[in-house]
Structures are given as structure tokens and as C-alpha cells.
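As the structure lists them, so they are numbered: ligands from 1, and atoms in each ligand from 1. FYI, side chains are in, hydrogens and waters are out, and symmetry mates aren't considered; it's all heavy atoms of this structure. As the structure is a prediction and not an experimental result, all values here were calculated from the model.
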Amino acid sequence: MPEDFFSGLDGTVQYAGPGSPDPLSYKVYNKDRMVGGTRMEDHLRIAVCYWHSFNWPGSDVFGVGTFDRPWLEPNHDPMAAAHAKMDAAFEFVSKLDVPFFCFHDVDISPEGATFAESAVNLDTMADYAEKKMADTGVRLLWGTANLFSHPRYAAGAATNPDPEVFAYAAAQVKHALEATKRLGGSNYVLWGGREGYETLLNTDLKREAEQLARFLTLVAEHKRNIGFEGTLLLEPKPQEPTKHQYDYDAQSVHGFLQRYDLVDEYKVNLEVNHATLGGHSFHHEVAYAVDNGILGSVDANRGDYQNGWDTDQFPNSVEELSLAVHEILRGGGLGRGGFNFDTKLRRQSMNRMDLFHGHIGGIDTLARSLLVAADMIEQGTLTSARDDRYAGWSGGLGAGILNGTESLDSLEAQVAAGRIDPDPVSGQQELLENQVNQVIWNTEG
Ligand code: XUL
Ligand code: CO
């Protein structure tokens, strides 16, 4: 396995401006550019994900891997392969010149024959990651445990009918959370990949919800016990691989957290393609999370509107992302969160440099969306129209309704006396759409 895996690029990907002919340069992402008083890099906090980029061979349900990922070939010693993979991953993130990476336990370290062996492997690879992070300055946005690939998790992890599977998952999360803490992770993510059901014929919904809540409570307790200061994040997704996943969308997760008194312990990691699968726009998911104080972080990608599965493509629509980033800025930014590229190359993109092209395009799309969103905030494009639309609730009748001064009796009396007789008002959707487009077209690159 070669020393310098991405030898097609010497040095790092640099900002070269919108007109640059160099495909290995950023056209918009300029990490030191100030946007609304904050560096672009600090707004976006971009991360590369380990799993799709280094741990996935380019296979699909009909075919084997197509990618050139030598460490995934079966003839290698698993720990030697894990080291080679980590060398390539840190080389890539450093060359891309973004600040963060994200991993599942099994992405960075091979599973052993026993839990104890897997734990030693993870500790060994966390040692190596610590060294790589010190050498390159790359940081950890979040860690997580894979509780969905191994056959033991076929019927779920926390929601499994067998409490021994719950116990195994608990042990795995404990270890992955501790590794994340050790590596200075800003967050820890739990995506409930198989926390759902295949059929209701064999499923006790009530029990499974209680098991999941118990699991999340134990994780939050352990976080406090070990003094991990990162944020715990749940990642909603409506289905796939299960027919139905309990963490369906931001609103279901929020309701679940409130029901089990966990709303102060967890926020959400929202993924664009998961929103699409849930029948929502990403804009909707972000707006819901911001307005309810639960936005933690983002998995940036996109789906395909013609396909009903998670295609995890690199984002390329400024129109769509600008509205979501506008909500994020309106809510004060991502804080400890960031934009993790939970993105896959297409199976035919088998050139090593394709991984750069995918990320560069996605990062420039995000950067451009940030500029548009910042201009929209500065110009009050949507916020001032919204404020005007709800102005009636700030005083007089609206305030009286909200603060309890008014009752059905008092309202009926005013309506019956003809003092209240509202005229319908335009929602001005087309005007607002035009104003958003105008900012998109006029924002300076
Ligand atoms: C699956 C997905 C996961 C999580 C981490 O759709 O998005 O990769 O982000 O487990
Ligand atoms: Co994800």
C-alpha cells in the first residue's frame, strides 16, 4: 500500500476564485474570508466522513466494489490495513484543508473475535488517530458506534427483543463514547439504523420505545460520569434499512425526547437525504430544529428526487441549501456542530481524484449558500416580511389572546359586536420567492 495515496495532488486544495480553471481548487470556499464577523471555516466546520470515503468499496446491492481502496482487500492483516486506511484518510482531509473528520468505531478499527479484542483494536487505532490528529491539526467533529451492520443487530440494538443485544450495544457505545472523548470530539452521534421494525406482526412498539429511552438515558448518564463535554446527537431517518425507523424526523425525535425527559440531553444531527426520504424539505427539518432549540449538526448530502432510497450524493444545489443555511444563521449558527459530508461517490467514480472533486463541489456549494444566507440575514429578506406578517401578535388583541386576558366569551363578544372583522391578507409567496432568487443572483462570489 503506497505511502502517499492521493499523489495526484501535491499540497492542499486552495481557494483560487470563481473563474479558476483548476478543478482541484475552491471557487468559493475561502476559509479565512469573514462572513458576518466569523471566518468561513468556523461557520461551516466541515468534516469528511470515514465510512463512505474510506470504508466503502463502491459496492451496491447488485454488484461488488469498484473503487481502488487497497486496505479493503481481504488478504491484508486487519490492523495493518486499518493503519493504511487511516494514513490515507488523514492525507485526504489534510489535502482538502478542512478541519474535521467523523467515524464509526468499526470504520477505524476491525472487529475482533470477541468484544475484548474489538475494544483493544479500537484503543490501538484511537492512539494512532491521536498521533495523526496532532501531526495534521485535523480534529474530530463526532464519533459514533456502528450498531447496525453486525448480524447480532438485525432486530435492532437498544430496541432488540433480546436484552443481551441491548447489553452488547451498551458496551459498544460506552467504548466509542470514551474514544470520542479521548480524541476531543465535539459531539457524539447515535443514528438508530435498525431501531425500528420490519413488520408490526412481531413488534411490541410500547416496549421498544421504553427500551430506546432507557438506552439513551444510560448514555446521557455515562456522558456526565466521564465528563464528556460534547453534545449528544440523534440522527433522524424515516426508514432504510428498516421499513420504519422510530427516529423518523426532527419532530418525532423531539416528541420522543420530551416524552422521556431527555430534551436537555440530546439534540439532532440532521441529514439532507433523510429529510427527503421523510417527505420533507431539508429546509423544513432545519427550521423545525432551530425553532425548538434542538439543532446540533448537519450531515450534508442530497438525494435523488426520483429514487426512494438514500443516494447520499454530494450537495450541488445552492437554491436548496441557502434556505437551510439561512435558518441556521437565524438560529445563531451551528455552535459545536458542523457540516459532515455523509456523501458517497457514484459507483462509476473510481478515479482516486474523484473523491476530491465530490468534496470540492459540495464544499463550494455550501460556501456559496452561506454567502447567500448571510446576505439574506443582512438584508432582512425573509425575516422582515415574517415580522410584519405576525405583527398583530406583539400587542393589543394578539398579546391578550396569548397572555390569557382574552377568553372565548370576550372574543365572541368582540366579533359579535362587529369590532373584529378581519380581511384576508396576501401571503406574498411569489414575491418572496423572487426576493430570495434576487439575493441568490446578486450575492457576490
Ligand atoms: C445512514 C447515516 C449514517 C449516520 C451515522 O443513513 O446517515 O451514516 O450518519 O451512523
Ligand atoms: Co448520516
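Screening the protein for N, O or S atoms under 2.8 Å from the Co ion (ligand 2) yields 4; no waters enter the count.
Relative ring orientation between F256 and Y260 is described as tilted, the plane-to-plane angle lying within the 30° to 60° band. Classification of the F67-W56 ring pair by plane angle, with boundaries at 30° and 60°, yields perpendicular.
Checking W51, W142, F148 one by one against W191, the ring-ring contact (aromatic ring centres under 6.0 Å, His included) holds for a single residue, F148. With N301 as the partner, the side-chain hydrogen bond (donor to acceptor under 3.5 Å, both in side chains) test is satisfied by one option alone out of D310, D312, T343: D312. Checking Y50, F5, F356 one by one against F92, the ring-ring contact (aromatic ring centres under 6.0 Å, His included) holds for a single residue, F356.
Heavy-atom separations between D342 and ligand 1 include at least one value shorter than 4.0 Å.
Between N269 and ligand 1, no N or O atom pair is found at a separation short of 3.5 Å.
Atoms of ligand 1 found under 4.0 Å from any heavy atom of D299, numbered from 1 in the order shown, are 9 (O). Distances below 4.0 Å separate heavy atoms of D310 from the following atoms of ligand 1: 6 (O). Heavy-atom contacts of H104 reach the following atoms of ligand 1: 5 (C), 10 (O) (cutoff under 4.0 Å).
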After noting the C-alpha distance and the side-chain angles of F215 and F166, does the key distance pass the ring-ring contact (aromatic ring centres under 6.0 Å, His included) rule? CA-CA 8 Å; F215 193 88; F166 181 111; 5.2 Å; yes

Intermediate values then yes/no, salt bridge (Lys or Arg N to Asp or Glu O under 4.0 Å), E271 and K237: CA-CA 8 Å; E271 178 164 324; K237 184 175 182 181; over 6 Å; no

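Environment of CG in D261: sparse, with no more than 12 heavy atoms of neighbouring residues, nucleotides or ligands closer than 6.0 Å.
With E240, Q245, H52, E271 as candidates, the residue nearest to atom 7 (O) of ligand 1 on a non-hydrogen basis is E271.
The aromatic ring centroids of H254 and Y288 lie less than 6.0 Å from each other.
Regarding atom 9 (O) of ligand 1, its nearest protein heavy-atom neighbour is E235 OE1, 2.7 Å.
At a heavy-atom distance under 4.0 Å, no atom of D312 approaches ligand 1. Counting heavy atoms closer than 4.0 Å to ligand 1, residue H274 contributes side-chain atoms (C-beta onward) but none from N, CA, C or O.
The two residues F100 and L141 come nearest to each other via the heavy atoms CD2-N, 3.5 Å.
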